[in-house]
Amino acid sequence: MIRTNRNRPLCAKSAAALKLALLLCALCASGTIPAQNLSGTITNSQGEPLENSHILARATTENHPIKFVVADRYGRYKVVLQPKTNYSITVNHIGFEAQIFAYKGDDPVLTHDFVLLPKERLLEEITIHFDFQPIVLKRDTITYDVRAFADGTERKLKDQLSKLPGIEVTDDGQVQVNGKTVTHFSVEGNVFFGGGTKLGVENIPADAVAQVELIDHFTAVAQLREVSGSEQLAMNIKLRENKKNFAFGNAKGSFGLDRFYEAHTALFYYASKRHWSTIANSNNAGLQVLDMADILRFESPRRLYLRNTPQQQLVDLHAHRLPNTTAMENKNHLISTDFRFDLHPKWEVKGWLLYHKNGLSTQVDQALSQLQSTAITTESRSTYAHSQQQLSSGKLSAQYRQKSQTTLDYNLQFALTSDSKKTAIFSQADTEAKHLQATTTADQFALSQLFEFHHNFHKKHLATLVVSHVYTEEVPKQNWFSNRPYLDSHIPWTPADAYELKERKKRLQNAIHLSAKYYWIAAPKHHVYTSIGHQTNPTKLYIDDEYLNGETWTGYKDFGNRLHHRLNQSFIGIEHKFLHRKFTATVGLFMQHYQLENRYSTTAHTLSKKALEPEVKLAYQFHDSESLILDYGLKNTYAKAENYADQWRINAFNSLSKGQAQLHPQQQQQADLRYRKFNPYTGFSLFAWARFKRIDKPIRNRVQLLRSEQYVEAINSNIPENQWSLAAFGKAPLRGSIEMSLSASLDFSRYTQVINDHEIPTRSESQQIGLGVKTLLKKMPTLEIRYNKSFHQRIAKFDKKTQGDLWTLKLQSRFLKNGLFKADYRCQKTAIESDKTRVDTLDIRLELNGKPSPWTIGLQGNNLLNSGAINRVRISDFTVDQSTTAVLPRILLLSIQYHL
């Protein structure tokens, strides 16, 4: 069994510690150095507020950074000024004459209102000149000259951005502008190492940056900007003329007790016409090997212009983004490289290669309860597993751009994986004990191609053609061994000393998708879009199952599958987009034709269906920083090929499953309502989201539970499913020194289960509420405290309820000028009925850099409280799983790092 840490003094005293932390926050708020606030309103001569007016304050008597704020929907502004300092305050709004107000620091005023007069000649842009620092405001683009806000102490772009008004850089490298997250990052108009912000803001030298551009409503295909309706925000960095080429990176070695280690290196070279990078990592401490910026570079291109195509990746790289310490052993070895270069001013080529090897050993103890129709059965299970995974993947892409008329994109990606796993299972159900072993090997090859053509025939006529091809081949092999019979209700075992099963599977899929769309801007307020497309998705599935009968491998009549599955989809549709002031409505209607064909060894089944599928999107822009969007869609979805395999196949030592030859599609209606608000005057931001989903003729599982074994069959249910979800998150600063945040979510599901031939109406509900506080003082430690309370109820034949409490405390502090200390404490409690569990963890990081020296010495501590395991509770349709998972022990790593 897994050792757990029962001595948790830190968690037992968590309430007192958090009270102390809250007291420190209050002291931070009361101990701030008083600053001078100037506030007021900006209106036109009729007294109407001028939203998004720009206020720029420049100190005239001291060398203080420029202050820049934006007026809210009521024309209100508030700017925080240094005491005893004179300022020249300029107010601008497109179409109005600028006004300048001389603020006297020795005789300060608290309020000042501006009344702007219209210009005789309207302009589409504003240029604010203060000697050397222009700010240019043009439609959806704001351009800053960083010299206007810098003081010469900045080393990286992150330091510069933190001084630009309205811009915040988070700890994980995300950039937020007035509450909106930057989703696309480029340098000199070229995507910078994948388009994520983290790599750029933390590594681009500050002395290389000339200007920062913020582009709202961004789309990567310039021709489609007017018709895309994009809500993305992009940041583009313009470099100084003599700083167009630069290199950066780091090399780090970490060593600790018990032979824990990490070796990491990352090198990057950037030039205007090419860039190149390489990353290598090797560690046995379950540490992160890829960050989000790496994943953005290595993922498959997103199929944005293909209708009803899920954004599937050939490989799931997100599994490597976060540390994985829920293991007894975790070894990672990764190396990757990527490049970009311009063959011609119109041609760009990009590519990358990646290899990753992982060795993982895990131990999980489970207390399982099977919620049958009339009784509850229990099982205790311990699982020990060791796996080896290897991944080789690469991508090559080419892009052609002809001014603003034509764009051609071609992307080719491959992935080759090889996995092996050995598992030992000890199961005790009632009075029966089983010892099982399983071995699994799986090889997979995948190839993806994507071609996109975008052309602007005329400023009112545009077209897009997209062709996608995805080929996958999977060959998994599994063997199970046991000292006692298993799955014996379907397998006619003969008495023996050992009982063995094996399954050999081969899955071939070849999906092709063709889509064309024509955009006609009939009038400024009316757009008409016409679409046509076809998708074919043939899949070949071969499954052989055999059991050992004496010394002979024997097949069984109800096992084994030979299936040729093909789903063809053709559609034609028309959409009308209506734009009127702040309101936009897009209404579409698509005629969809589905043709399903399933061929077996001796029979064949076909199913055709024609359907009208409407799509509606309504958006109302109250103001630039407040919007409401409603999306509604109806679509028919088909199951995967495995759900049409009508013979039994093996899922695990205690589970079999099969499908149906004539499984019908399910019809899904979904409505999403999203609300976003940001107030630049108060700093308050709010995001709220609601969803309703209804599924008619849902595809569900009919389950037969026999002791601890499960026999699952896919069926169409005549009883619809309904799901409701609500979520909201808001935050606001208090007195400029503390930020408060509040989150809440509600989820409700209503559906019917079929267990042991009984239809059981089921309700699944969950609720969550969270409260957080964070200090914002730049010259004092940053302290963040958050509490989350969650509830979950499953109400059926047998009701089950769980609840959880999660306290998190994060501390970040600078010391000795170039020192950094970070601490992350978590205390998690879970309760299911009378059973309660509690886990606490503490991680720290200490860094000392002798700037301007490139060397950094660090100390990293993971699981300092030495928690032996993590406890979890999961409730599925018919199982309650209370698990205890072994985690890596306390790890201390001393590191030396060199920055290029």
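Keep in mind that this is a model prediction, so the values were computed, not measured. Starting from 1, each residue takes its place in the sequence as its number.
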Student: Could you walk me through whether Lys422 and Gln437 pass the side-chain hydrogen bond (donor to acceptor under 3.5 Å, both in side chains) check?
Tutor: CA-CA 7 Å; Lys422 294 182 179 180; Gln437 291 183 345; over 6 Å; no

Student: With a sphere of 6.0 Å drawn around CZ of Arg562, does it hold more than 12 non-hydrogen atoms of other residues, nucleotides or ligands?
Tutor: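 Enclosed: over 12 neighbouring heavy atoms sit under 6.0 Å from CZ of Arg562.
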
Student: Hey, is the main chain of Tyr486 close enough, under 3.5 Å, to the side chain of Trp493 for a donor-acceptor pair?
Tutor: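 Checking the backbone N and O of Tyr486 against the side chain of Trp493, a donor-acceptor pair under 3.5 Å is found.
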
Student: Do we see a donor-acceptor contact under 3.5 Å between the side chains of Gln509 and Asn537?
Tutor: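 Per modelled atom types, Gln509 and Asn537 side chains form a pair under 3.5 Å.
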
Student: Between Ala327 and Leu360, which heavy-atom pair has the shortest distance, and what is it?
Tutor: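 Minimum heavy-atom separation between Ala327 and Leu360: CB-CD1, 3.6 Å.
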
Student: Are Arg504 and Asn479 packed together at the side-chain level, in the sense that at least one heavy-atom pair is separated by less than 4.5 angstrom?
Tutor: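 When only atoms from C-beta onward are counted, Asn479 and Arg504 do touch, with a gap below 4.5 Å.
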
Student: Looking just at side-chain N and O atoms, do Asn654 and Ser708 make a donor-acceptor pair shorter than 3.5 Å?
Tutor: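 On atom types as modelled, these side chains do not qualify, holding no pair under 3.5 Å.
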
Student: Find out whether Leu487 and Tyr711 are in side-chain contact, i.e. whether some heavy atom of one side chain is under 4.5 Å from a heavy atom of the other.
Tutor: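 Result yes, sub-4.5 Å side-chain heavy-atom pair found.
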
Student: Whether Glu500 and Lys502 form a salt bridge (side-chain N of Lys/Arg under 4.0 Å from carboxylate O of Asp/Glu) is what I want to check.
Tutor: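 No, Lys502 and Glu500 are not salt-bridged.
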
Student: I would like to know whether Ile532 and Leu514 meet side-chain contact (heavy atoms from CB on, under 4.5 Å); could you show each step before the answer?
Tutor: CA-CA 9 Å; Ile532 188 170; Leu514 172 68; over 6 Å; no

Student: Quick one: do the Ser766 and His792 side chains pair a donor with an acceptor below 3.5 Å?
Tutor: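 Per modelled atom types, Ser766 and His792 side chains form no pair under 3.5 Å.
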
Student: Can you classify the ring geometry of Phe426 versus Tyr384 as parallel (below 30°), tilted (30 to 60°) or perpendicular (above 60°)?
Tutor: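 Judged by the thresholds at 30° and 60°, the geometry between Phe426 and Tyr384 is perpendicular.
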
Student: Have a look at Asn871 and tell me which of Thr884, Thr830, Asp835, Thr885 forms a side-chain hydrogen bond (donor to acceptor under 3.5 Å, both in side chains) with it.
Tutor: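 Looking at Thr884, Thr830, Asp835, Thr885, the match for Asn871 under the side-chain hydrogen bond (donor to acceptor under 3.5 Å, both in side chains) is Thr884.
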
Student: Are the side chains of Gln704 and Leu706 in touch, meaning some heavy atoms are under 4.5 Å apart?
Tutor: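 Counting from C-beta outward, Gln704 and Leu706 never come under 4.5 Å.
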
Student: Could you check Arg763, Gln723, Glu721 and say which one makes a side chain to side chain contact (heavy atoms under 4.5 Å, CB included) with Ser749?
Tutor: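 Single pass found, and it is Gln723.
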
Student: As an exercise, state the distance from NZ of Lys658 to CG of Asn643, rounded to the nearest 0.5 Å.
Tutor: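 Here the interatomic distance stands at 13.0 Å.
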
Student: Would His605 and Leu607 satisfy side-chain contact (heavy atoms from CB on, under 4.5 Å), going step by step from the backbone distance to the final call?
Tutor: CA-CA 7 Å; His605 299 275; Leu607 176 67; over 6 Å; no

Student: So, the side chain of Asp757 versus the backbone of Val754: is there a donor-acceptor pair under 3.5 Å, distance only?
Tutor: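 It does not hold such a pair.
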
Student: When you look at NZ of Lys697, are more than 12 heavy atoms from neighbouring residues, nucleotides or ligands closer to it than 6.0 Å?
Tutor: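 At most 12 heavy atoms, drawn from other residues, nucleotides or ligands, come within 6.0 Å of this atom.
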
Student: Do Lys801 and Phe791 come close enough that some side-chain heavy atom pair is under 4.5 Å?
Tutor: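 Of all side-chain heavy-atom pairs linking Phe791 with Lys801, none is under 4.5 Å.
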
Student: Can a side-chain donor-acceptor contact be found between Asn718 and Asn716 if the only test is distance below 3.5 angstrom?
Tutor: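 Result is no, nothing qualifies.
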
Student: Within the supplied structure, the quantity of interest is the number of heavy atoms (other residues, nucleotides, ligands) at a distance under 6.0 Å from Lys506 NZ; does it exceed 12?
Tutor: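 It does not: Lys506 NZ has 12 such atoms or fewer within range.
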
Student: For Lys609, look at atom NZ and say whether over 12 heavy atoms of other residues, nucleotides or ligands are found less than 6.0 Å away.
Tutor: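 Above 12, so yes.
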
Student: Between Asn332 and Asn324, is any pair of side-chain heavy atoms under 4.5 Å apart?
Tutor: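 Asn332 does not reach Asn324 side chain to side chain.
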
Student: Please tell me whether Gln767 and Gln793 have a donor and an acceptor in their side chains that are separated by less than 3.5 angstrom.
Tutor: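 A donor-acceptor contact under 3.5 Å links the two side chains.
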
Student: Counting only heavy atoms not in Glu759 (residues, nucleotides, ligands), do more than 12 fall under 6.0 Å from its CD?
Tutor: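 At most 12 heavy atoms, drawn from other residues, nucleotides or ligands, come within 6.0 Å of this atom.
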
Student: Have a look at Asn510 and tell me which of His469, Arg566, Lys540 forms a side-chain hydrogen bond (donor to acceptor under 3.5 Å, both in side chains) with it.
Tutor: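 In the set His469, Arg566, Lys540, the residue that makes a side-chain hydrogen bond (donor to acceptor under 3.5 Å, both in side chains) with Asn510 is His469.
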
Student: So which heavy atom on Ser764 is nearest to which on Arg750, and how close?
Tutor: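 Closest approach of Ser764 to Arg750, heavy atoms only: O-NH1, 4.4 Å.
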
Student: Using atom types as modelled and distance alone, determine if a side-chain donor or acceptor of Glu613 lies under 3.5 Å from a backbone N or O of Asn636.
Tutor: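 Between the backbone of Asn636 and the side chain of Glu613 there is a qualifying donor-acceptor contact (under 3.5 Å).
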
Student: With no hydrogens and no angle check, just 3.5 Å: does a side-chain donor-acceptor pair link Thr441 and Asp443?
Tutor: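 Side chains of Thr441 and Asp443: no pair found under 3.5 Å.
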
Student: Between Asn549 and Thr494, is any side-chain donor less than 3.5 angstrom from a side-chain acceptor?
Tutor: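 Per modelled atom types, Asn549 and Thr494 side chains form a pair under 3.5 Å.
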
Student: As an exercise, state the distance from CD1 of Ile572 to CG of Leu589, rounded to the nearest 0.5 Å.
Tutor: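 So the CD1 of Ile572 and the CG of Leu589 are separated by 11.0 Å.
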
Student: Is a side-chain donor or acceptor of Thr752 paired with a backbone partner of Pro761 at a separation under 3.5 angstrom?
Tutor: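 Side chain of Thr752 to backbone of Pro761, a donor-acceptor pair under 3.5 Å: no, none is there.
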
Student: Looking at every non-hydrogen atom in both residues, tell me the closest pair between Ala645 and Leu563 and how far apart they are.
Tutor: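 Answer, listing the atom of Ala645 first, then Leu563: N-CD2, 3.9 Å.
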
Student: Do we see a donor-acceptor contact under 3.5 Å between the side chains of Gln668 and Thr637?
Tutor: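 No, because no side-chain N or O of Gln668 sits under 3.5 Å from a partner of the opposite role on Thr637.
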
Student: Regarding Tyr600 and His565, is there a side-chain donor-to-acceptor distance under 3.5 Å anywhere?
Tutor: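 His565 and Tyr600 do not have a side-chain donor-acceptor pair below 3.5 Å.
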
Student: Might you point out which heavy atoms bring Asp365 and Ser382 nearest each other, and give the distance in Å?
Tutor: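 So the two residues come closest at OD1-OG, 2.8 Å.
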
Student: May I ask you to test the Arg674-Asp631 pair for a side-chain heavy-atom distance under 4.5 Å?
Tutor: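 Arg674 vs Asp631: side chains touch.
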
Student: Is the shortest side-chain heavy-atom distance between Gln478 and Ile650 below 4.5 Å?
Tutor: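 Result no, sub-4.5 Å side-chain heavy-atom pair not found.
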
Student: For Gln662, is there any backbone N or O sitting under 3.5 Å from a side-chain donor or acceptor partner on Asn598?
Tutor: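 Checking the backbone N and O of Gln662 against the side chain of Asn598, no donor-acceptor pair under 3.5 Å is found.
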
Student: Please walk me through it: do Phe571 and Ser515 pass side-chain contact (heavy atoms from CB on, under 4.5 Å)?
Tutor: CA-CA 9 Å; Phe571 74 89; Ser515 180; 4.0 Å; yes

Student: Which class fits the ring pair Phe692 and Trp724: parallel under 30°, tilted 30 to 60°, perpendicular over 60°?
Tutor: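 The rings of Phe692 and Trp724 sit tilted, inter-plane angle from 30° to 60°.
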
Student: Salt bridge or not for Glu503 and Lys505, using N-O below 4.0 Å?
Tutor: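 So Glu503 does not pair with Lys505 through a salt bridge.
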
Student: Please walk me through it: do Lys829 and Lys836 pass side-chain contact (heavy atoms from CB on, under 4.5 Å)?
Tutor: CA-CA 7 Å; Lys829 301 178 183 180; Lys836 298 181 180 180; over 6 Å; no

Student: Answer with yes or no whether the side chains of Gln366 and Asp881 bring together a donor and an acceptor at under 3.5 Å.
Tutor: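 Short answer, yes.
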
Student: State, yes or no, whether a side-chain contact exists between Trp553 and Leu548 at a heavy-atom distance under 4.5 Å.
Tutor: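 Yes; the side chains approach each other to less than 4.5 Å.
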
Student: Verify whether one side chain among Tyr751 and Ser717 offers a donor that lies under 3.5 Å from an acceptor in the other.
Tutor: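 Result is no, nothing qualifies.
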
Student: Between Asp672 and Lys693, is there a salt bridge with N-O shorter than 4.0 Å?
Tutor: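 Judged by the 4.0 Å cut-off on N to carboxylate O distance, Lys693 and Asp672 do not form a salt bridge.
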
Student: Could you give me the CA-CA distance, side-chain angles and deciding distance for Lys640 and Glu642, then say whether salt bridge (Lys or Arg N to Asp or Glu O under 4.0 Å) is met?
Tutor: CA-CA 6 Å; Lys640 293 183 178 180; Glu642 282 76 2; over 6 Å; no

Student: Provide the closest heavy-atom pair for Ser448 versus Val470 in the form atom of the first, atom of the second, distance.
Tutor: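 In terms of heavy atoms, the two residues are closest at OG-CG2, 4.1 Å.
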
Student: Identify the heavy atoms of His435 and Asn483 that sit nearest to each other, and give their distance.
Tutor: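 That closest heavy-atom pairing would be N-OD1, 2.9 Å.
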
